[in-house]
Amino acid sequence: MSKLVICEKPSVAQSIGKVLGASKRCDGYLEGGGYLVSWCVGHLVELAQPEAYGETYAKWRLEDLPILPEKWRYQVSPSTKKQFQILKELMSREDVASIVEATDAGREGELIFRLVYHQCKCKKPFERLWISSMEDAAIREGFASLRPGTEYDALYEAALCRERADWIVGINATRLFSCKYGPTLNVGRVMTPTLAMVCDRETAISGFQSEPFYTVQLVPEGFAANGERMKEKTEAEKVVEECRMAGTATVVKAERRDRTEKPPALYDLTSLQRDANRQLGFTAQQTLDYTQSLYEKKLVTYPRTDSRYLTEDMAGMLPGLVGMVQKKRGISPDAPAPVNAAQVINGKKVTDHHAIIPTKTLESADLAALPSGELAVLDLIALRLVCAVGDPCRYSETAVTLECAGHQFKAKGKTVTDPGWRAYATAASTDEKDGDDAPPIPALSEDAELPLAKVELKEGKTTPPKRFTEDTLLQSMEAAGAEEMPEDVERKGIGTPATRAAIIEKLVQKGFVERKGDKKAKALVPTDKGRALAAVVPEQIQSPTMTAEWEEKLLGIEKGGYAPDDFMREIAGMVTDLVKNYETVKGVQMDMPGKGMVIGSCPHCGADVAERDKGWFCANRECRFVLWKDNAYFKKIGKHLTAGMAEKLVKEGRIKLKDCKSQRTGRTYNADVLLTTEEDGRAKFQMEFDNSKNNSGGKKN
């Protein structure tokens, strides 16, 4: 008898197959050692589209909303039908006694496996492989301690709720706002609140009124001290004159304190994405892709984690790992770094997976063969490990207050006495802000008189908030709604570490946000379309607080503390209320960009067909219907597709043409061109001939 192991990707299946001895390559799976090892290639099974629940939903109409399936339907993704069939046949084989679920150890991995398992109507028992590293030893250990699949039923319930809630909100809100305002306006449970944050920031920037301010700076020997900000230049000029006349300043207070700066925590996915964006210019999605590839190459641990700590059983291996990483990556390799393991060990703060760290496989790996992006991310993770277990940075901080001509001036200085972990990394290589880069101040005694080398008037302007980069947007997504949640909540914010990158990418892909600027960390700026959508979507949909609460309830479902049915009723009730009570915002439609004259309804899905630069497009972006202005079919018969012709085709499904020209014979003919559509919405033309004039005969497709 054999065990069937189902992985998420072929590359993972190869790694697991190698450890298990399943080395024989078959069509869509590996075999050997008493195992069959196959894979899913992402989501093989997905929620069906609305039209699967009734023909009426093929068209987008307000009167059909809300769409709330009573019994959910699933379909096999057309592009992966072959692999699904392979898995179905493997599950039904008589020699397969049980199954090992080896998809990624998280919410989405659980969903991918369970949907395939149920779609295949499989009843065989299955166990769960739950590992945080793809190293051979970790795989062997994981298979030695497989856990009953039923232990993860609550995780599957949370995954189902997440998927179905996203479908309900996305389908209904997208159709609602698209029907109300014209073009397709994609709305998402997490995507829209994220867009709202970007738009709110842009509004704050555009509405900001910059104001000048003035400060006076005293420069005794060795340092500079600054006075209070002043709004009036004449007032500041008066202070400058008084201080120049005085010529000296008196030390009113000079305090020196010894301080320490703790090392930064290890990386979770979000903090890694933030640093990679700020330092390397990588998008959040690029960083996730690079880290996932490093994980599959066994060089780092599981990337989709929200923990920045390790478990107690990992403390013993840290000295050896840190020493190896130092040498392998040339991080001050001549002097062994200190290893304060207790700083990074806290099992209570580890949920599904511990922090991202390099693995022992790094020691023997040929890193020269790695793509540059992967190597750059690997170096961030390696450096963070060495820093996180390092000694604290120790420094003395001096605060000085001077008095001159009756005005007070302050200065701060910093002297590093022991760099500690900062010997390996500068402020740029940590996600912690370092606002203490002030130069040292010489030793001063109170009441000392200091001659002034210079007195200067400094002019500045108040600055608006900065535009979001992926670094700062990820930070805001993580913190959204946090102030309204209990202190003991483990995961806050909107989205999860695993999904935030995809949300940002979708906002860009759908044309709501664009990346601007030539710097490493490009700014994220809302487009006209994005701002228009934010203007019409009500607060309940775009509120980060509500979405963060949903995320918390999903986590509650994972832990068995919140009922899935209650969550889904809440989602359905919110969407029903939205559809019934939403009132159109007047005047917004004219602000939608790129939408030309509507020439009719799409013959495939019923949405508006409107003119754009290159043709007449269906407003439903999921539909592929378009009539191109530079149309190959009409060029072939010697015609140019005009706006009038396009409108007649869309509205009536046919158009009568005279003097069409045959490319083959050069003869002309009259004919009717009929418009139909393929299954995916693409335009399909057919010809009926007018026999009252000589023609090339027959019927053309």
Side-chain angles (χ1 to χ4, degrees), residues 43 46-47 68-69 72 74 103-115 118 128 130 149-173 187-194 197 268-270 288 302-307 349-353 474 476-504 506 540-575 578:
H43 284 271
E46 55 195 15
L47 280 169
L68 301 171
W72 290 89
Y74 286 84
T103 47
D104 280 0
R107 191 192 284 170
E108 288 309 299
E110 193 69 27
L111 184 66
I112 287 170
F113 168 78
R114 297 278 190 129
L115 290 182
H118 292 308
R128 187 58 156 113
W130 194 272
T150 51
E151 284 189 17
Y152 298 89
D153 286 351
L155 181 66
Y156 169 55
E157 289 289 347
L160 271 184
C161 286
R162 193 281 311 155
E163 179 189 47
R164 292 172 178 179
D166 284 345
W167 191 96
I168 288 174
V169 174
I171 292 292
N172 286 286
V187 178
R189 186 179 60 86
V190 179
M191 182 175 73
T192 304
T194 306
M197 287 195 288
D268 63 359
L269 178 58
T270 300
L288 175 55
Y302 186 73
R304 292 172 175 83
T305 176
D306 61 354
S307 175
K349 292 190 176 181
V350 176
T351 50
D352 296 334
H353 298 279
L474 285 168
S476 292
M477 292 174 77
E478 189 175 41
E483 68 280 357
E484 297 172 35
M485 288 189 175
E487 280 297 317
D488 59 349
V489 166
E490 292 179 11
R491 182 185 294 156
K492 301 174 182 176
I494 56 175
T496 66
T499 60
R500 287 173 189 139
I503 292 298
I504 295 173
K506 192 170 182 180
Q540 64 183 140
I541 292 289
Q542 59 178 279
S543 165
T545 300
M546 185 187 73
T547 308
E549 287 173 356
W550 289 354
E551 292 291 347
E552 190 50 36
K553 286 171 183 173
L554 288 170
L555 192 61
I557 294 169
E558 282 186 22
K559 295 185 173 185
Y562 194 80
D565 288 347
D566 290 345
F567 177 78
M568 294 308 300
R569 272 194 294 271
E570 184 180 340
I571 298 292
M574 183 274 295
V575 167
L578 173 69

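If you read the sequence from its start, that first residue is 1, and numbering goes on from there.
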Taken in chain and number order and not counting sequence neighbours, the residues that satisfy side chain to side chain contact (heavy atoms under 4.5 Å, CB included) with Ser543 are Glu539, Thr545, Met546

By side chain to side chain contact (heavy atoms under 4.5 Å, CB included), Glu108 pairs with (sequence neighbours left out) His43, Leu111, Arg162

Sorted by chain and number, sequence neighbours left out, ring-ring contact (aromatic ring centres under 6.0 Å, His included) with Tyr302 holds for Tyr295, His353

d(Ile171 CD1, Leu68 CG) to nearest 0.5 Å is 11.5 Å

Those residues that, when tested against Arg128, pass side-chain hydrogen bond (donor to acceptor under 3.5 Å, both in side chains) (two or more places apart):
Glu101, Glu110

Of all residues at least two apart in sequence or in a different chain, which pass the side-chain hydrogen bond (donor to acceptor under 3.5 Å, both in side chains) check with Thr270?
Arg500

Quick check against the 3.5 Å criterion: does Ser307 have a side-chain atom that pairs as donor or acceptor with the backbone of Lys349?
yes

Taking the side chain as every heavy atom from C-beta outward, state whether Trp167 and Trp72 have any pair of such atoms under 4.5 Å apart.
yes

Those residues that, when tested against Glu151, pass salt bridge (Lys or Arg N to Asp or Glu O under 4.0 Å) (two or more places apart):
Arg147

Under the salt bridge (Lys or Arg N to Asp or Glu O under 4.0 Å) rule, collect the residues that match up with Glu157, sequence neighbours excluded.
none

Spacing of CD belonging to Glu46 relative to CD1 belonging to Ile112, to within rounding of 0.5 Å:
11.5 Å

What closest approach, in Å, do Ala158 and Glu558 show between heavy atoms, and which atom pair accounts for it?
CB-CG, 3.4 Å

Please list, chain by chain and in numerical order, all residues satisfying side chain to side chain contact (heavy atoms under 4.5 Å, CB included) with Thr192, sequence neighbours excluded.
Val187, Val537, Ile541, Gln542

Short question: side chain of Thr194, backbone of Val190 - any donor-acceptor pair under 3.5 Å?
yes

List the atom of Thr547, the atom of Pro193, and the distance in Å for their closest heavy-atom pair.
OG1-CG, 3.2 Å

Who passes ring-ring contact (aromatic ring centres under 6.0 Å, His included) against Tyr152, sequence neighbours left out?
Trp130

Roughly how far apart are Leu269 CG and Leu288 CG, rounded to 0.5 Å?
5.5 Å

Who pairs with Asp104 by salt bridge (Lys or Arg N to Asp or Glu O under 4.0 Å), at least two apart in sequence or on another chain?
Arg304

Ignoring hydrogens, what is the shortest heavy-atom contact between Ala154 and Ile557? Give both atom names and the distance.
CB-O, 3.4 Å

Looking at side-chain heavy atoms only, is the closest gap between Arg164 and Val169 below 4.5 Å?
no

Set of residues satisfying side chain to side chain contact (heavy atoms under 4.5 Å, CB included) with respect to Ala165, sequence neighbours excluded
Arg189, Phe567, Ile571

Are Cys161 and Leu554 packed together at the side-chain level, in the sense that at least one heavy-atom pair is separated by less than 4.5 angstrom?
yes

Which distance, rounded to the nearest 0.5 Å, do you find between the CD1 of Ile494 and the OG1 of Thr499?
9.0 Å

Roughly how far apart are Asp166 CG and Met191 CE, rounded to 0.5 Å?
10.0 Å

I need the Glu551 CD to Met477 CE distance, nearest 0.5 Å.
9.0 Å

Taking salt bridge (Lys or Arg N to Asp or Glu O under 4.0 Å) as the test, write out the residues that go with Lys506, two or more places apart.
none

Leu160 and Arg114: CA distance, side-chain angles, deciding distance, side chain to side chain contact (heavy atoms under 4.5 Å, CB included) verdict
CA-CA 10 Å; Leu160 271 184; Arg114 297 278 190 129; over 6 Å; no

